[in-house]
Amino acid sequence: MAAPLSTMKFWKPGSEAPGISEEREVTTETTLSPIIFNPYTALSIEKQRQKLPVFKHRNNILYLVENYQTVIIVGETGCGKTTQIPQYLLEAGWAAEGKVIGVTQPRRVAAISVANRLAEERGALLGHEVGYTIRFDDCSDPHATRIKFLTDGMLVREMMADPLLKKYSVLMLDEAHERTLYTDIAIGLLKKIQKKRRDLRLIVASATLDAKKFQEFFNLNETGDPNQDTCGILTVEGRTFPVDVFYTVSPVPDYVKATVETVLKIHETEDDGDVLAFLTGQEEVEKVVSMLQEQARALGRYAMKKHLKVLPMYAGLPYVDQMKVFERTPPTVRKVVVATNIAETSITINGIVFVIDCAFVKLRAYNPRTAIESLVVTPISKASASQRAGRAGRNRAGKCFRLYTEEDFEKLPASTVPEMQRTNLAPVILQLKALGIDNVLRFSFLSPPPAQSMVQALELLYALGGLDQYGRLTDPMGFRMAEFPLSPMFAKMLLESGNFGCSKEIVTIAAMMQIQNIFVVPSNQKKPAVGVPCTHHTHLTVTVREQLRRLMNKFKVPRTSSEGDPDVILRCIVSGFFANAARIHHSGSYRTLRDDRELHIHPNSVLFGEKPPKWVVFNEVVQTSKYYMRDVTAVESSWLVELAPHFYKQAKHGSLASKRSRVL
DNA sequence: GAGCACTGC
């Protein structure tokens with residue numbers, strides 16, 4: 001059967017295409033592909049540096065950093081800001097007297113790859129003058145490193161040991177427009193530090209859209225006299241190629257099918273160039289891949305001059321399969337990458353000329369009333385749409401096919417809600433308290449989270465014993481919980497495990513549960529035997545376990561083993577996760593103890609399909625077609641009352657009721 | 001019998 005002729009109709013709005021000049025994106029050139037360096041001579045490196053768009057702003061940038069506490073740099077893609085600005089600062093003496101220039105990145109791969117690039121450019125060995133620090137991997141020298149790349153989460157950690165970040169003279173927050181949780185935490189804390197350290201300089205690299213918001217946030221000038229502003233702003237043009245944007249003529253009823261049709265239309269009517277399609281999740285990706293592979297086989301039989309190579313890409317995909325999307329293809333083959341949002345910021349695939357955008361993304365949402373976090377398919381923002389379109393213009397002029405009308409595009413929100421406003425705040429509050437922010441309600445959040453989320457977080461932390469009745473961090477429990485790189489519930493469970501006599505087992509359990517996608521296998525493959533994660537994950541688990549073990553030793557939690565007694569371990573789990581408890585309902589589903597919400601056992605759980613236990617605790621809830629509990633453990637109701645008497649009370653008829661815990 | 005966006009310490 002030949003491929004059906006595509007019925008997709010697109011329209012290019014206006015006489016002038018909304019080219020890349022309005023559709024600029026700002027991102028690090030992060031890539032998972034092998035890093036290949038050119039054997040530059042010293043002279044050509046200098047010439048290369050001077051050709052970057054940021055170079056002609058060099059003196060202006062140095063002037064602004066000299067004269068303003070904070071400088072907002074609107075640096076468009078390909079302008080060279082990430083590698084060049086730290087070097088300008090170094091050359092101007094900002095790393096003298098042992099001071100360090102720090103550059104944060106939201107993601108680890110970005111921190112590593114940018115540090116690598118810069119070390120290579122300077123002909124230096126990574127870890128000396130130029131280094132990086134991420135969790136589990138500190139490739140920097142406390143004396144020699146002058147330019148340090150680190151994740152923004154790591155910067156927040158460093159504040160615990162050095163609250164004023166004294167070793168840094170300048171900090172550059174890269175990709176600040178992404179508004180990740182840790183970027184936002186760092187931003188609020190840095191504003192506070194700046195009031196105590198007038199010498200500390202801050203550079204915030206952002207997209208056009210948010211520049212004004214950042215400037216207003218960091219400007220400490222209250223006189224109204226612009227001469228006394230403490231925050232400057234500068235735009236550096238980028239170097240990308242124009243992308244023509246096309247919209248559908250009418251709304252698309254099924255974007256999965258529409259994606260398949262659009263790929264085929266591109267394949268039939270467009271010249272060379274690879275395709276990147278954005279979808280929301282693994283299931284959709286695999287569906288489109290299999291539909292396209294079928295079409296590709298049909299096309300192959302009809303000897304189309306160009307072949308289609310269709311590849312899936314999502315975080316849960318095994319590493320070897322992920323690597324395939326970076327492989328070069330011969331000119332007779334057109335590569336089609338069908339991806340989740342992972343391809344929007346986290347990875348960059350070379351050679352993409354055509355982008356297909358379904359307008360949706362799966363996002364984490366937090367319900368502050370029920371304290372349930374869930375994953376919800378949501379329309380993307382305009383900023384996200386430009387970011388996706390920009391993926392077509394990295395190597396040459398490209399095209400972006402939006403599977404929605406221009407009117408619908410106009411209805412999209414300008415930018416995505418910052419993570420701070422759609423997450424469980426308990427870990428954030430715990431961190432802030434540990435950093436000496438007593439009144440978290442008055443903390444200067446760039447985007448304040450909902451008050452109800454704050455209340456939920458404070459109540460949970462109080463119930464866990466991390467806060468006292470006045471909302472102060474408890475000593476030692478609260479301080480210790482904050483030091484664990486885990487959620488407060490996990491931290492509590494670990495810290496209690498010595499008392500329960502099962503710390504060895506609990507450390508292993510906690511470490512394993514931090515590794516995501518352990519048993520994730522694409523639906524068209526066989527499932528591995530339960531409890532047998534692959535070698536890669538085993539390795540990661542060992543690393544996490546070592547870090548946890550070190551903290552356990554630091555806090556002198558005795559190393560004990562339950563010696564095969566399961567109840568001890570289950571009771572210990574309850575001591576951390578009692579707030580996430582549910583009881584069986586006569587319908588066969590579960591109801592939360594907190595507010596009688598309907599929940600189901602996740603199909604991936606070992607308890608799924610078994611005789612359902614009466615009482616369970618769980619790690620988290622994912623909302624897909626239903627609310628599913630993940631990481632479910634069968635417990636006894638008496639343990640809940642015994643281990644969390646401040647949270648539950650024994651009600652009449654042997655049932656349980658939750659108390660409202662109060663924090664002043 | 002139905003399912004796992006993406007980061008980070």
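Because only heavy atoms are used, hydrogens play no part in the values below, and waters and symmetry mates are left out as well, while side chains stay in. In what follows, chains are A, B, ... by sequence order, proteins preceding strands, each numbered from 1.
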Undergrad: For A/D174 and B/dG8, what is the distance between atoms CG and P respectively, to the nearest whole Å?
TA: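 That distance rounds to 14 Å.
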Undergrad: When you compare the side chain of A/I347 with that of A/M313, does any pair of heavy atoms fall below 4.5 Å?
TA: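 Yes, side chains in contact.
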Undergrad: Which one, B/dG8, B/dG3, B/dA5, comes nearest to the side chain of A/Y182?
TA: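 For A/Y182, the side-chain atoms sit closest to B/dG8.
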Undergrad: Please classify the nucleic acid contact of A/R364 as base, sugar-phosphate, or nothing, using heavy-atom distances under 4.0 Å.
TA: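 A/R364: base contact, heavy atoms under 4.0 Å.
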Undergrad: Counting only side-chain N and O atoms of A/T151, is one of them less than 4.0 Å from OP1 or OP2 of B/dC9?
TA: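 Looking at the OP1 and OP2 atoms of B/dC9, one of them is under 4.0 Å from a side-chain N or O of A/T151.
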Undergrad: Measure from the side-chain heavy atoms of A/A315 and tell me the nearest of B/dC6, B/dG8, B/dG3.
TA: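 Closest nucleotide among those given: B/dC6.
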Undergrad: What's the CD-C1' distance between A/E283 and B/dA2, to the nearest Å?
TA: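 Going from CD in A/E283 over to C1' in B/dA2 covers 9 Å.
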Undergrad: Starting from the 5' end of DNA chain B, give me the residue, A/V361 or A/L486, whose nearest nucleotide shows up first.
TA: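 The 5'-side residue here is A/V361.
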Undergrad: Just the rounded figure in Å: distance from P of B/dC9 to CZ of A/F136.
TA: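 Going from CZ in A/F136 over to P in B/dC9 covers 8 Å.
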Undergrad: Could you give the CD-to-P distance, from A/Q514 to B/dG8, as a whole number of Å?
TA: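 Rounded to whole Å, this separation is 14 Å.
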Undergrad: Just the rounded figure in Å: distance from P of B/dG8 to CG of A/L425.
TA: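 Roughly 20 Å, once rounded to whole Å.
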Undergrad: With a 6.0 Å cut-off on the ring centroids, do A/F490 and A/F484 count as close?
TA: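 Ring centroids of A/F490 and A/F484 are no less than 6.0 Å from each other.
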Undergrad: Students often get this wrong, so: under 4.0 angstrom with heavy atoms, is A/I134 touching a base, only sugar-phosphate, or nothing?
TA: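 Sugar-phosphate only.
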Undergrad: Return no unless some side-chain N or O of A/T180 is found under 4.0 Å from OP1 or OP2 of B/dC6.
TA: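 No, A/T180 has no side-chain N/O under 4.0 Å of OP1/OP2 on B/dC6.
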Undergrad: Can you check the A/L435 CG to B/dC9 C1' distance for me, whole Å?
TA: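 Nearest whole value for this atom pair: 12 Å.
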Undergrad: Which of these nucleotides, B/dA2, B/dC9, B/dC6, is closest to any side-chain atom of A/I342?
TA: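 That would be B/dC6.
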Undergrad: Give the ring-plane orientation class for A/Y628 versus A/H602, where under 30° counts as parallel, over 60° as perpendicular and anything between as tilted.
TA: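 Geometry flag for A/H602 against A/Y628: perpendicular rings.
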Undergrad: Separation of A/R630 atom CZ from B/dA5 atom P, in whole Å?
TA: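 A/R630 atom CZ is separated from B/dA5 atom P by 8 Å.
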Undergrad: Answer yes or no: does a side-chain N or O of A/Y628 lie under 4.0 Å from OP1 or OP2 of B/dA2?
TA: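 No, because none of the side-chain N or O atoms of A/Y628 sits under 4.0 Å from OP1 or OP2 of B/dA2.
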Undergrad: Does a side-chain N or O from A/R108 land closer than 4.0 Å to OP1 or OP2 of B/dC9, or not?
TA: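 Checking B/dC9 against A/R108, a side-chain N or O does come within under 4.0 Å of OP1 or OP2.
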Undergrad: Determine the sole option in A/L548, A/L495, A/L494 for which the side chain to side chain contact (heavy atoms under 4.5 Å, CB included) test with A/I506 is passed.
TA: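 Exactly one candidate clears the test, A/L494.
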Undergrad: Is the NZ or CZ atom of A/K148 both under 6.0 Å from the centre of the six-membered ring of A/Y132 and within 45° of that ring's axis?
TA: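 No, A/K148 does not sit over the ring of A/Y132.
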Undergrad: Whole Å only: how far is the NZ atom of A/K362 from the P atom of B/dA5?
TA: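 In whole Å, B/dA5 P lies 4 Å from A/K362 NZ.
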Undergrad: Choose from B/dC9, B/dG1, B/dT7 the nucleotide whose nearest atom is closest to any side-chain atom of A/R157.
TA: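 My answer, after comparing the listed nucleotides, is B/dC9.
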